[in-house]
Enquirer: 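Here you go, one structure.
Please read all numbers here as calculations on a predicted model, not as lab measurements. Quick note: numbers below take in every heavy atom, side chains included, and nothing from hydrogens, waters or symmetry partners.
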Amino acid sequence: MKNWTRAATAALLMTVAAPAMAEECIAPANPGGGWDFTCRQIGRIMTELGLVPNMVQVTNLAGAGGGVAFTQVVSKRSDDPAVFVAASSATTTRLAQNAFAGATADQVRWVGSIGGDPGVIVVAKDSPYQNLTDLIDAVKEDPSQVAFAGGSAVGGFDHLKVLMTLDKAGFDDAKAIKYIGLDGGADAITQTVGGFAQAMTGDMSEITGFIKSGDVRPVAVLSEERVEGFEDVPTAKEQGVDIVAMNWRGIYVPKDISDEDYQKWVDMLGKVAESEQWQTVMTENGLAPYTILGADFETFIDENIAEIQDVSKEIGILQ
């Protein structure tokens, strides 16, 4: 009996000492931005749906517009089945422009996208610019007096939104446009509210709280139609600027995990996308449904990168 008790105690201690491995989501920016939002919401819903045994740990790993996180996963965690990374159009933009020091999209596995985040341009609540036309006119008059802040690096997706918007409005001197690239949308909002930038370009999900609190005033949403829950924000198209910039939100995982582990992530993300919790998150944060999973998503990524390379060449960022 004593031996059985000893064995049982040892087994119990081993169980206590070795808890189930916790899944981890890396957000490649500081807290408060779109990647951080993606990690926290997907992680929370995975836990609530019982898809993972523990709470998903969120690690903020800012730097190089997502490059620090990408490089770490590729070089140090390439076969880790428990880690996934928040990604978006900002990620493919950096890869398209070879901004991750030679890194390429095929060095990781792309799991899926579960939401489309419309681009938005906001100004501080006391800004003299009442609408998109006012802002564009100010840039045309003197581009040195209008700085845009964004949560992605120079040449990143937030920067491209500004350049494409002004290009569509008839201002094509991309090099004259002042842009401040920061590590996440929250930092860019701070710059704008503090008066260091005259406008901020980002995604609806990272700005909703600041719009609702009145800290910033949106002058345009870069979507086909006005966004549910934010019906008073006009589109750029309504104001005569024919631009739509939708930022997909999704995840990637290390390349060298097994096909079985990859499929688990695809299945879990699909269940998150279908959940009532995610429908609520989308409505509250101005997201549109945008579910692409597995092999379809990997094809989408290749096409997305090719498209961004074309746009980047048009506006002079790529040769």
Side-chain angles (χ1 to χ4, degrees), residues 27-40 60-66 68 86 88 90 93-94 117-166 169 171 174-222 227 230 232-234 236 239 245 247 284-286:
N30 292 327
W35 285 329
D36 184 65
F37 165 87
T38 301
C39 270
R40 292 183 194 282
N60 291 91
L61 190 59
V68 171
S88 65
T93 299
R94 304 297 283 156
D117 207 345
V120 64
I121 299 173
V122 302
V123 295
K125 61 184 176 184
D126 55 357
S127 168
Y129 309 119
Q130 297 303 310
N131 50 48
L132 185 59
T133 305
D134 287 352
L135 192 59
I136 289 167
D137 286 347
V139 174
K140 287 179 175 177
E141 190 175 319
D142 185 358
S144 70
Q145 295 303 303
V146 182
F148 292 84
S152 64
V154 171
F157 194 57
D158 286 335
H159 190 191
L160 281 189
K161 282 180 232 170
V162 176
L163 299 180
M164 289 189 292
T165 299
L166 286 158
F171 185 86
K175 292 185 174 68
I177 297 163
K178 289 178 73 175
Y179 175 80
I180 304 165
L182 298 148
D183 273 319
D187 293 354
I189 286 282
T190 303
Q191 292 285 314
T192 308
V193 172
F196 300 103
Q198 283 63 54
M200 183 263 185
T201 176
D203 303 310
M204 194 57 105
S205 71
E206 61 188 356
I207 295 173
T208 50
F210 298 99
I211 293 173
K212 287 173 181 172
S213 67
D215 288 312
V216 296
R217 188 161 39 79
V219 294
V221 61
L222 309 181
V227 174
F230 296 87
D232 56 340
V233 183
Q239 299 175 75
N247 189 359
E284 287 178 352
N285 294 280

Enquirer: Between S205 and D203, do the side chains contain a donor N or O and an acceptor N or O under 3.5 Å apart?
Expert: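 No, no side-chain donor-acceptor pair sits under 3.5 Å.
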Enquirer: Looking only at non-hydrogen atoms, find the nearest pair between P143 and A176 and report the distance.
Expert: CB-O, 3.5 Å
Enquirer: Tell me whether K178 contacts the main-chain N or O of A197 through its side chain, where contact means a donor paired with an acceptor under 3.5 Å.
Expert: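 It does not hold such a pair.
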Enquirer: Scan for side chain to side chain donor-acceptor pair (under 3.5 Å) pairs involving residues 180-196, sequence neighbours excluded, and state none if there are none.
Expert: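 Non-adjacent pairs meeting side chain to side chain donor-acceptor pair (under 3.5 Å): N30-D187.
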Enquirer: Side-chain contact, heavy-atom cut-off 4.5 Å: I177 with L163?
Expert: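 Contact flag for I177/L163 side chains = yes.
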Enquirer: Is the shortest side-chain heavy-atom distance between F171 and T165 below 4.5 Å?
Expert: no
Enquirer: Before you tell me yes or no, could you show the steps for L132 and I121 under side-chain contact (heavy atoms from CB on, under 4.5 Å), namely the whole-Å CA-CA distance, both residues' side-chain angles and the distance that decides it to 0.1 Å?
Expert: CA-CA 8 Å; L132 185 59; I121 299 173; 4.1 Å; yes
Enquirer: Is there a side-chain contact (heavy atoms from CB on, under 4.5 Å) between T208 and F37 once you walk through the steps?
Expert: CA-CA 12 Å; T208 50; F37 165 87; over 6 Å; no
Enquirer: Looking only at atom types and distance, does a side-chain atom of N60 sit under 3.5 Å from a main-chain N or O of A29, one as donor and one as acceptor?
Expert: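 Yes; judged by distance alone, with no hydrogens or angles, the pair exists.
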Enquirer: Looking only at atom types and distance, does a side-chain atom of R217 sit under 3.5 Å from a main-chain N or O of Y129, one as donor and one as acceptor?
Expert: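 The answer is yes, because a donor-acceptor pair under 3.5 Å joins these two groups.
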Enquirer: Does V219 reach the side chain of V122, with side-chain heavy atoms less than 4.5 Å apart?
Expert: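 When only atoms from C-beta onward are counted, V122 and V219 do not touch, as no gap falls below 4.5 Å.
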Enquirer: How long is the gap from OG1 on T201 to CZ on F157, to the nearest 0.5 Å?
Expert: 8.5 Å
Enquirer: Quick one: does W35's side chain get under 4.5 Å of S88's, heavy atoms only?
Expert: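 The answer is yes; the side chains approach within 4.5 Å.
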Enquirer: Kindly compute the distance separating CD1 (I207) from CD1 (I189), expressed to the nearest 0.5 Å.
Expert: 4.5 Å
Enquirer: Going by side-chain contact (heavy atoms from CB on, under 4.5 Å), name the residues that satisfy it together with V227, two or more places apart in sequence or in a different chain.
Expert: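 Residues passing side-chain contact (heavy atoms from CB on, under 4.5 Å) with V227: P118, M204, V221, S223, F230.
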Enquirer: Indicate yes or no: at least one non-hydrogen side-chain atom of V216 is less than 4.5 angstrom from one of V123.
Expert: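 V216 does not reach V123 side chain to side chain.
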Enquirer: Can you confirm whether K125 is buried at NZ, in the sense that more than 12 heavy atoms of other residues, nucleotides or ligands lie under 6.0 Å from that atom?
Expert: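 No - once you tally the heavy atoms of other residues, nucleotides and ligands closer than 6.0 Å, there are 12 at most.
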Enquirer: Decide yes or no for I180 and L182: does some side-chain heavy atom of the first lie under 4.5 Å from some side-chain heavy atom of the second?
Expert: yes
Enquirer: If you look at every heavy atom in R94 and G65, which pair is closest and at what distance?
Expert: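 Scanning both residues completely, I find the closest heavy atoms to be CG-O, 3.6 Å.
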Enquirer: Assess whether a salt bridge exists between D158 and K161, defined as any Lys/Arg side-chain N lying under 4.0 Å from an Asp/Glu carboxylate O.
Expert: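 So D158 pairs with K161 through a salt bridge.
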Enquirer: Donor-acceptor pair, distance only, cut-off 3.5 Å: does the side chain of E206 make one with the backbone of G33?
Expert: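 Checked: no pair found.
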